[in-house]
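Note that ligands are numbered from 1 as they come in the structure, with each ligand's atoms numbered from 1 the same way. Along the sequence shown, residues carry numbers from 1.
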Amino acid sequence: MDVEENLESLLYEWRRVYIERTGRSKELFERACRVFPGGVTYVLRFFDPYPLYVVRGRGSRVWDADGNEYIDFWMGHGAHVLGHSPDFVVEAVGKVAKMGTHLGFENPYAVEYAEFLTGVLPGVEMLRFTMSGTEANMYALRLARAYTRRSYVVKVEGGWHGGYDALHTYVRLPGGPESAGLPEEYLKYTIAIPFNNLNAAEDVLKKYPVAAIIVEPVIGGGGCIPPEEGYLKGLRQLADEHGALLIFDEVITGFRLALGGAQEFFNVKADIAVYGKAVGGGYPGAGAFGGRAEVMELLNHLKYPDPRSRAYHGGTFVGNPINAVAGYTLVKYLAEHRSLYDHANALWEWARRELDKACEDHNRLCWATGVGTMTGIHFTKTRPKTYADVRDLRWSKVIEKALHFYMRINSVLYMDEKTPRLLPALNQPIEEVKIFIELFEKFLEQATKKS
Ligand code: PMP
């Protein structure tokens, strides 16, 4: 029997076990299908044959509606860098909520948090809060266009910046609108280049007046692909040479690779850095963008009284006390416990070596990629370096899904069933990391077993 045949019969059994364990999730899915298109609040959270409905999360664990407990390596889309609901953050938020959940006026909480952030985020002299990573990217690009007075934006194939029109292309390949209802014309100023290819970036910058290059310093949703040595520095140089701004989308890498995110980790400064997820302290409504004062000042209505002479940004809930206090409390803790980063990054480098070794020991079925705690697993013919590799070098149509089923029925969660990636907490216990590695080895053994 070959691997694919093995997997088909294993999948049959694992699906049966999943259904047996998750009756209440099945019921909830049936109800959800009547009120949510596709039965889900977000398509990313769907998995076959129906998603788990999770009722509780604490630390490194979550519990589903049937009471099953799972080790969570997904951590709220990577937002929970210290695990689910740390007590000290929840308590701080409880206190401020009594003062007002959303004041609708300028407030000291947002000022204090912003002061703190400008002290710890490299190159961020000024910032503005948003309510999501998508919004932060949208406003960051608007600002870059206003600043450079140019329209073109260069993004990377496989780069995910949220569902904002101008950036919602070339998330997958081939390019083009990623959604129905997204006119081609909205993408006319968006150019995509492969990751880890400076020549491609240079060619585009020579040919077009580019406002900004926007890049995830480590490709996240596209499979945790690291930048090659010198790539980010090269982009920095090229942007400078051609008068474009460099935007780092640090929605995942921010507060994760290092306190100062990828800018600190790789020692490369962006003109504008975009944050999401952890910046909100694990509370909904997480987003910010910031950078050099000279660039950010273009949002200043006092300096530019004519609304059309400045870049717009705003929103009902932006700068609310809940996110400001949650974010500040969490990030201050991280700043006071910087050794967490050394520990977590070393642990996951080790984990990736172990996973990679397991792949090598099993006919090189796969590769582990990533940086710091960001970890991807790829069932590809060679180690992927671009998103095209992630996609085109796959050799199986079922193995990613089979792995997801196997982990699920063994009480381990990560995302997603097509592109396996883990965004663990920095304080994820080592025992849990070992459990993942052991399960992964067992999975490969079963997949490659000769009958
Ligand atoms: N940028 C990156 C790198 C992301 O990973 C995400 C979300 N996964 C976003 C932007 C969008 O953020 P949000 O979902 O908060 O809109």
Atom 16 (O) of ligand 1: closest protein heavy atom, distance to 0.1 Å, is T134 OG1, 2.4 Å

Atoms of ligand 1 under 4.0 Å from any heavy atom of E216, numbered from 1 in the order shown, are 3 (C)

Hey, is OH on Y186 packed in by over 12 heavy atoms from elsewhere, all under 6.0 Å?
no

If you scan protein heavy atoms around atom 12 (O) of ligand 1, the nearest is G133 CA, 3.3 Å

- request: Take atom CD of E106 as the centre, draw a 6.0 Å sphere, and report whether it contains more than 12 heavy atoms from other residues, nucleotides or ligands.
  value: no

Any heavy atom of H161 under 4.0 Å from ligand 1? The part involved is backbone

Interatomic distance, CG@L423 vs CE@M75, rounded to 0.5 Å, equals 10.5 Å

Quick note on ligand 1: atoms under 4.0 Å from a heavy atom of N137 include exactly 1 (N), 10 (C)

Short version for K277: what comes under 4.0 Å of ligand 1, heavy atoms counted, is side chain

The protein heavy atom nearest to atom 1 (N) of ligand 1 is D249 OD2, 2.7 Å

Checking the side chain of R352 only, and the main-chain atoms of M374 only, is there a donor and an acceptor separated by less than 3.5 Å?
yes

- Item | R338 to Y341 six-membered ring, cation-pi geometry met (6.0 Å, 45°) | no

Original post:
With distance as the sole test, does N68 use its side chain to make a donor-acceptor pair with the main-chain N or O of D64 at under 3.5 Å?
Top reply: no

Counting from 1 in the order shown, the ligand 1 atoms closer than 4.0 Å to a non-hydrogen atom of I252 are 5 (O)

| 4.0 Å heavy-atom contact, H77 with ligand 1 | no

If you scan protein heavy atoms around atom 2 (C) of ligand 1, the nearest is W160 O, 3.2 Å

Logged contact type for V274 with ligand 1, heavy-atom cut-off 4.0 Å, is neither

ask   = Using 30° and 60° as the class limits, which term best fits the ring planes of F443 and Y406: parallel, tilted or perpendicular?
value = tilted

Per-atom filter on ligand 1: closer than 4.0 angstrom to a heavy atom of S132 are 15 (O), 16 (O)

Here the gap from T101 atom OG1 to N323 atom CG, rounded to the nearest 0.5 Å, amounts to 11.0 Å

